[in-house]
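Within every chain, numbering begins at 1; the chains are lettered A, B, ... in the order of the sequence lines, protein sequences first and strands thereafter. Values below: every heavy atom of this structure, side chains too, minus hydrogens, waters and symmetry copies.
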Amino acid sequence: MERLLIKDVLSEENIGKSLNVCGWVRTKRESKGFAFLVVSDGSTQDTLQLLINNETPAFQELYRCNTGSAIQATGLLRESPAKGQKFEMEVSEIIIFGEAEPETYPLQKKGHTLEFLREISHLRPRTNTFGAVFRLRNILASSVHEFFQSRGFLWIHTPIITASDCEGAGDLFTVTSLDLHNPPKNDGGDIDFSQDFFGRRAYLTVSGQLEAEFLAMSLGKVYTFGPTFRAENSNTTRHLSEFWMIEPEMAFADLRDDMKLSEDFFRFLCRKVTEKGEKELAFLESQYKRISCEDLARLAETSFAHISYTEAIKELKAAKESFEFPVSWGADLQSEHERYLTDKVIKGPLIVTDYPKEIKAFYMRLNPDGETVAAMDVLVPKVGEIIGGSQREERLDVLEKRMKQTGIPRENLQWYLDLRRFGSAPHAGFGLGFERLVQYVTGMLNIRDVIPCPRAPRTIGF
RNA sequence: UCCCGGGUAGCUCAGUUGGCAGAGCAGGUGGCUGUUAACCACCCUGUCGGGGGUUCGAGUCCCUCCCCGGGAGCCA
């Protein structure tokens with residue numbers, strides 16, 4: 001008999017059929033004459049209730065079917081006479097693959113704190129909460145591809161190991177095969193990376209953007225979706241040392257096109273997740289009361305507010321709120337400022353554009369005013385910055401001047417300048433932190449709870 | 001990295017003025033013919049984060065280190 005996933009079992013047309021499911025026991029409720037087992041297999045938020053009569057041989061095996069054990073059950077699907085579930089399976093046979101000793105299995109029938117579950121990353125996907133989060137994560141990931149593929153973007157694979165360390169995007173992890181006990185030194189006493197594997201110092205990528213640019217300047221519209229690494233000592237609920245980033249890049253596009261793309265993208269993802277993740281969203285809402293399917297459906301229909309950095313500063317200066325950090329033109333927006341704008345003023349997603357050039361990266365296109373750059377940040381309530389993007393500087397002379405001003409060495413970036421020498425054109429793109437998106441959609445407050453194996457300072461246990 | 005708050009049973013947490021280390025849940029045993037984080041009865045559960053100090057006596061006070069959480073900065 002073919003094994004079915006629980007998500008496929010629970011339907012009217014299976015009533016009366018003899019079926020076969022595999023899964024892990026969530027709870028066991030025993031009486032004298034019968035017992036109930038609730039199993040899940042990860043395919044859906046729903047569980048399947050198994051009814052085992054004391055006449056079936058399986059009843060004698062129930063002492064081995066404790067919470068956490070892996071079993072296969074064969075039986076008849078039928079409508080459940082009791083409240084709480086529509087269907088149940090009357091079991092004729094149970095095969096026990098692996099027991100879970102109740103005294104030592106860490107997951108109980110009762111709820112656990114997210115902090116405790118973080119200590120058992122290998123078992124937490126078996127819980128309702130993490131099952132929901134990781135299924136939603138999958139819906140979002142596949143929807144990312146669906147969005148870009150349907151619009152003619154090519155998925156490109158930018159390198160994970162890179163030699164470019166000059167993007168100013170943060171501290172990097174060094175990749176080396178040198179003997180750390182006895183590394184070669186040069187005359188100055190520094191480690192001699194010319195003797196390292198690549199003949200020079202290499203790092204884990206902090207962004208695929210620069211490479212995405214040259215692919216956009218040949219393939220037209222591209223996007224990356226891959227792991228990204230930052231070695232900052234950040235201990236917050238919205239930073240990881242290893243995270244997944246999505247970076248579309250478009251040739252023949254300006255900041256307006258970029259803003260439009262980011263908005264369409266975000267709204268598309270909100271819509272998809274309400275369509276495909278209804279059960280998961282409903283569970284998380286009932287459990288945590290942070291965001292609902294209705295909220296996301298509304299977001300999918302809502303245009304983003306637009307405001308320039310200069311207007312944002314005016315708005316903040318006019319605020320009755322007292323901020324910890326002073327508001328002044330030229331200073332970056334602090335978390336509290338962003339939160340005021342999204343949560344209090346706009347009450348929804350917001351795109352802030354045209355930041356002062358001093359607080360943004362060298363590759364962002366200089367505006368005609370000479371003071372600001374064609375940058376945009378998409379801010380959402382609670383999570384804050386979720387997308388950062390810009391129109392790229394396509395003018396060779398302006399870019400060279402900006403690199404000189406900001407102290408970016410040219411040696412390793414000749415290829416990047418070449419793109420401005422040969423067939424340069426306006427182009428734009430953005431980066432979206434995938435985990436922050438998952439955080440927003442699930443309502444999880446800590447980013448470490450939306451990725452299976454979080455990497456953060458002193459955190460690499462699984 | 002900085003600022004707060006924590007660390008007591010497998011889990012969640014209480015522990016008063018320094019004076020016998022507790023509760024609920026989980027687990028075990030028994031009961032129960034439709035349970036739903038089942039229910040009822042009984043039983044079991046400790047390196048009070050580590051080290052040092054004060055004291056007749058420290059979970060409690062002091063010093064120190066480690067770990068966890070929240071906030072800030074950095075950013076996506």
On a whole-Å scale, what distance lies between the P atoms belonging to B/rU64 and B/rA76? 38 Å
Could you please name the partner base of B/rU45, counting Watson-Crick and G-U wobble pairs only when both distances are under 3.5 Å? none
Of the nucleotides B/rG34, B/rC11, B/rA76, which has the atom closest to the A/A82 side chain? B/rG34
Return the orientation label for the A/Y223 and A/F153 ring planes: parallel under 30°, perpendicular over 60°, tilted otherwise. perpendicular
CE/A/M259 to CG/A/D254 distance, rounded to the nearest 0.5 angstrom? 10.0 Å
Side chain to side chain donor-acceptor pair (under 3.5 Å) between A/R201 and A/T174, worked out: CA-CA 7 Å; A/R201 190 163 183 178; A/T174 295; 2.7 Å; yes
Which nucleotide wins on minimum distance to the side chain of A/F116, given the candidates B/rC11, B/rA72, B/rU35? B/rC11
Which of the following nucleotides, B/rC11, B/rG34, B/rC75, is nearest to the side chain of A/R78? B/rG34
Is there a side-chain polar atom (N or O) of A/N446 under 4.0 Å from OP1 or OP2 of B/rG70? yes
Residue whose nearest RNA chain B nucleotide is more 5′ - A/D332 or A/S31: A/S31
Report which part of the nucleic acid A/E90 touches: base, sugar-phosphate, or nothing (heavy-atom distance under 4.0 Å, all strands). nothing
Under 4.0 Å, heavy atoms only, any strand: does A/R339 hit a base, just the sugar-phosphate, or nothing? sugar-phosphate
Within-4.5 Å side-chain heavy-atom neighbours: A/H427 and A/E213: yes
Distance between the P atoms of B/rC25 and B/rC67, in whole angstroms? 35 Å
Mind calculating the distance between CG (A/L107) and C1' (B/rA37) to the nearest angstrom? 13 Å
Can you tell me the pairing partner of B/rC61 across any strand shown, Watson-Crick or G-U wobble, with both distances under 3.5 angstrom? B/rG53
Is the ring centre of A/F225 less than 6.0 Å from the ring centre of A/F434? yes
Check the distance between B/rA26's P and A/R26's CZ and give it to me in whole angstrom. 17 Å
Has A/K32 got a side-chain N or O lying under 4.0 Å from the OP1 or OP2 atom of B/rC32? yes
Please work out if A/L240 contacts a base, only the sugar-phosphate, or nothing of the nucleic acid, heavy-atom cut-off 4.0 Å. base
So what does A/E119 hit on the nucleic acid, given a heavy-atom distance under 4.0 Å: a base, only sugar-phosphate, or nothing? nothing
Strand-adjacent residues in residues 95-105 of chain A, judged by heavy atoms under 4.0 Å from RNA chain B: A/P102, A/E103
Taking only the C1' atom of each, what is the distance from B/rC68 to B/rG19 in whole angstrom? 32 Å
Decide yes or no, distance alone: a donor-acceptor N/O pair under 3.5 angstrom between the base of B/rC74 and the side-chain of A/S234. yes
Rounded to whole Å, CZ of A/R436 lies from P of B/rC74 at a distance of 12 Å
What contact category does A/S80 fall into here, base, sugar-phosphate, or nothing, at under 4.0 angstrom with non-hydrogen atoms? base
Between B/rG34 and A/F36, is there a base-stacking contact, meaning the centre of the base's six-membered ring lies under 5.5 Å from the residue's ring centre while the planes stay under 30° apart? no
Using a heavy-atom cut-off of 4.0 Å across all strands, would you classify A/Q85 as base, sugar-phosphate, or nothing? base
For atom C1', what is the distance between B/rG15 and B/rG7, given to the nearest Å? 15 Å
Taking only the side-chain nitrogens and oxygens of A/T236, find out if one of them lies under 4.0 Å from OP1 or OP2 of B/rC75. no
Look at the aromatic rings of A/F265 and A/F148 and report parallel, tilted or perpendicular, splitting at 30° and 60°. tilted
Which of B/rG70, B/rC32, B/rG34 is nearest the side chain of A/R118? It is B/rG70
On the side chain of A/E30, is there an atom forming a donor-acceptor pair with the base of B/rG31 - under 3.5 Å, no angle test? no
Any strand counts, and the cut-off is 3.5 Å on both contacts for Watson-Crick or G-U wobble. Which nucleotide pairs with B/rG5? B/rC68
May I ask you to say what A/F243 touches in the nucleic acid, namely base, sugar-phosphate or nothing, with a heavy-atom cut-off under 4.0 Å? base
In whole angstroms, how far is the P atom of B/rG28 from the OH atom of A/Y63? 13 Å
Quickly work out the A/Q49 CD to B/rA37 P distance and round it to whole Å. 11 Å
Any idea which of B/rA76, B/rG69, B/rG34 is nearest the A/E115 side chain? B/rG69
Contact class for A/I386 vs. all strands (heavy atom < 4.0 Å): base, sugar-phosphate, or nothing? sugar-phosphate
Kindly give the heavy-atom pair with the smallest separation between A/T74 and A/S18, and that separation in Å. CG2-OG, 4.3 Å
Consider the side chain of A/H239, meaning its heavy atoms from C-beta on, and name the nucleotide among B/rU1, B/rA76, B/rC74 that approaches it most closely. B/rC74
Taking the six-membered ring for Trp, are A/H112 and A/F116 parallel (under 30°), tilted (30 to 60°) or perpendicular (over 60°)? tilted
Ranking B/rU1, B/rG34, B/rA76 by distance to the side chain of A/F34, first place goes to B/rG34
Under 30°, 30 to 60°, or over 60°: which ring-plane class applies to A/F266 and A/F304, parallel, tilted or perpendicular? perpendicular
What distance, rounded to whole Å, do you find between the two P atoms, one in B/rU35 and one in B/rG46? 37 Å
Between B/rC11 and B/rG49, how far apart are the two P atoms, rounded to whole Å? 13 Å
Under 4.0 Å, heavy atoms only, any strand: does A/Q108 hit a base, just the sugar-phosphate, or nothing? base
Remember a base hit wins even if backbone is also touched, and classify A/T27 as base, sugar-phosphate or nothing at under 4.0 Å, heavy atoms. sugar-phosphate
Locate the shortest heavy-atom distance separating A/L413 from A/I408; write the atom from each residue and the value. CD1-CG2, 3.9 Å
A/L333 or A/G111, whichever maps to the more 5' nucleotide of RNA chain B: A/G111
B/rG70, OP1 or OP2 - any side-chain N/O from A/R238 closer than 4.0 Å? no
Using OP1 and OP2 only, check whether a side-chain N or O of A/R458 sits under 4.0 Å from B/rC68. yes
Using the C1' atom on both, measure B/rU1 against B/rC13 and round to a whole Å. 32 Å
What interatomic distance, in whole Å, is found between P of B/rG53 and the corresponding atom of B/rU60? 14 Å
Taking the minimum atom-to-atom distance to the side chain of A/Q334, which one of B/rG73, B/rC74, B/rG69 wins? B/rG73
Separation of B/rU12 atom P from A/K109 atom NZ, nearest Å, is 19 Å
Would you name the heavy atoms of A/T162 and A/L204 that are closest together and state the gap between them? CG2-C, 4.1 Å
Mark yes or no for a side-chain to base donor-acceptor pair under 3.5 Å between A/N235 and B/rU1, with no hydrogen or angle criteria applied. yes
How long is the line joining CD1 of A/I447 and C1' of B/rC75, in whole Å? 10 Å
Checking side chain to side chain contact (heavy atoms under 4.5 Å, CB included) for the pair A/V39/A/T47: CA distance, chi angles, key distance, verdict? CA-CA 6 Å; A/V39 298; A/T47 52; over 6 Å; no
